[in-house]
Amino acid sequence: MLSALAFDLGLLTGSGRQRHELSLRAATARSVGWTVLSLLFGVGVLVMFGKPAALTFVTAYLLEQSLSIDNIFVFVLIFSELKIPPALQRSVLLWGVLGALVMRGLLIAAGLFLLSEFHWVVYPFATLIIFAAVRLLWGKKKEQNLVVAACSICNTWVARFIPITPQYHGGRFVVRQAERGNRLVATPLLVALLIVETTDIVFALDSVPAVLAVTQEPFLVYTSNVFAMLGLRSLYFVLAGVVERFRFLRVGLASILIFFGARLLLGDIIEVPTAVSLGVIAVALTLSIAVSIKWPGASTSPA
């Protein structure tokens, strides 16, 4: 995975193309490549640990991959509000994904520890998942208002910790300004990065409990998260321009969260086969995308 990540970042080829805009064709190829690599990893799990473990990994991976689409809705809004050029969005997403890998690892470790020590924790975890479904269905406007407020250069909470300049300085996140006594000031890129990181923590509070409803095997939980997050950068550039057109996609994601919230809540009463969970994800995504294509409505994606 580290080798694949290094190749994706251009470290092995020495290209250093992080400040160049990624074309749709290149983003699609990379997104397909990450998906294929993830499934090949699933084949490795099949060979090493057997069919049940492989099916569990694929289910957990597809769950995390589908829930990561919710991140893309917010990323589009953040970059639109801060007017981040596409050529600079890649570096923000790079550091955002790397930071998310660390935070997801910590949250997964904490969640697994709590579940192993206190069984009653399944109830607040299930509540978090169902609350996230409600947010997807009815909290879109409030979510947009919070992101817009956070992205306001003059009023953002980031300004409480470091002065902000509205000007870009290439791909730099902080610069020293002589007119401010040679103090470090943040560029809009740092504002975007910090908002991306904080929103991912919020999203992780529902996606991590959801994947723990699939399995509580640490190896499968974390690797499924890792592959979903590593493919997120390329997936963003594939879907950024069209994701708002799938207006029923949030309904599909909410139904997935409700199912896994119920599975976690009723786990001691009803044992749901992993294959059924995989089918629920596939059906919910397929139906929501098909209905969105059939009745697309007005496009609201930013210019």
Exercise for review: Can you run down the salt bridge (charged side-chain N to carboxylate O under 4.0 Å, His left out) pairs that involve residues 188-197, sequence neighbours left out, and say none if there aren't any?
Suggested key: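 Sorted pair list comes back empty.
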What is the minimum heavy-atom distance between [X] and [Y], and which atoms define it?
{"X": "I84", "Y": "P188", "result": "CD1-O, 4.0 Å"}
{"X": "A204", "Y": "P209", "result": "O-CD, 3.6 Å"}
{"X": "E64", "Y": "V208", "result": "OE2-N, 4.5 Å"}
{"X": "I78", "Y": "I195", "result": "CD1-CG2, 3.6 Å"}
{"X": "L264", "Y": "A213", "result": "CB-CB, 3.8 Å"}
{"X": "I256", "Y": "A284", "result": "CG1-CB, 3.6 Å"}

Check your understanding: Considering the options I281, I258, L137, L285, which one meets the side chain to side chain contact (heavy atoms under 4.5 Å, CB included) requirement together with L253?
Key ->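 The passing option is L285.
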Review point. In this structure, which one of V191, L190, V196 forms a side chain to side chain contact (heavy atoms under 4.5 Å, CB included) with L194?
Key: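 Single side chain to side chain contact (heavy atoms under 4.5 Å, CB included) partner of L194 among V191, L190, V196: L190.
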Check your understanding: Can you tell me if S288 uses its side chain to pair, donor with acceptor, with the backbone of V251 under 3.5 Å?
Key -> no
**Study point:** Expected output: side-chain S31 to main-chain T28 donor-acceptor under 3.5 Å
**Key:**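 Looks like no, no N/O pair under 3.5 Å.
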Honestly curious: do [X] and [Y] fall in one hydrophobic cluster under the side-chain, below-4.5 Å linking rule?
{"X": "F219", "Y": "L106", "value": "no"}
{"X": "L37", "Y": "L63", "value": "yes"}
{"X": "V214", "Y": "V276", "value": "yes"}
{"X": "L112", "Y": "L101", "value": "yes"}
{"X": "V280", "Y": "I270", "value": "yes"}

Check your understanding: Which word best sums up how the rings of F227 and F41 line up, parallel for under 30°, tilted for 30 to 60°, or perpendicular for over 60°?
Key -> tilted
Practice item. List the steps, then state whether side-chain contact (heavy atoms from CB on, under 4.5 Å) holds for D200 with F75. Key: CA-CA 10 Å; D200 182 73; F75 292 168; 5.7 Å; no
So, taking the atom named [atom1] in [X] and the one named [atom2] in [Y], what distance separates them when rounded to the nearest 0.5 Å?
{"X": "L39", "Y": "W34", "atom1": "CG", "atom2": "CH2", "value": "13.0 Å"}
{"X": "E217", "Y": "L212", "atom1": "CD", "atom2": "CG", "value": "11.5 Å"}
{"X": "S91", "Y": "L193", "atom1": "OG", "atom2": "CG", "value": "8.5 Å"}
{"X": "L230", "Y": "S38", "atom1": "CG", "atom2": "OG", "value": "8.0 Å"}
{"X": "Q89", "Y": "L189", "atom1": "CD", "atom2": "CG", "value": "10.0 Å"}
{"X": "T127", "Y": "L265", "atom1": "OG1", "atom2": "CG", "value": "7.0 Å"}

**Study point:** Pair E271 + R263, salt bridge at N-O below 4.0 Å
**Key:**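 No, no charged N to carboxylate O under 4.0 Å.
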**Study point:** CA sep, side-chain torsions, deciding dist, call: R30, F237, side-chain contact (heavy atoms from CB on, under 4.5 Å)
**Key:** CA-CA 10 Å; R30 291 182 181 220; F237 288 102; over 6 Å; no
Practice item. Step by step, work out the side-chain contact (heavy atoms from CB on, under 4.5 Å) result for L62 and L278. Key: CA-CA 8 Å; L62 290 180; L278 182 60; 3.4 Å; yes
Point to revise | F131 CZ: over 12 foreign heavy atoms closer than 6.0 Å | key: no
Taking the side chain as every heavy atom from C-beta outward, state whether [X] and [Y] have any atom pair closer than 4.5 Å.
{"X": "Y61", "Y": "N225", "answer": "no"}
{"X": "N71", "Y": "T199", "answer": "no"}
{"X": "L115", "Y": "W120", "answer": "no"}
{"X": "T187", "Y": "V174", "answer": "no"}

Practice item. In sequence, state the C-alpha distance, the side-chain angles, and the governing distance for L136 and D70, and then conclude on side-chain contact (heavy atoms from CB on, under 4.5 Å). Key: CA-CA 8 Å; L136 277 170; D70 193 24; 3.4 Å; yes
**Study point:** F125 and F260 aromatic centres sub-6.0 Å
**Key:**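 So the answer is no for these two rings.
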Could you pull out all donor-acceptor pairs under 3.5 Å where a side-chain atom in residues 43-59 meets a protein atom, sequence neighbours excluded?
unit_1, atom_1, unit_2, atom_2, d
T56, OG1, P52, O, 2.8
T59, OG1, L55, O, 2.8

Check your understanding: When you measure from the centre of the six-membered ring of Y222, is the NZ or CZ of R104 under 6.0 Å away and within 45° of the axis?
Key -> no
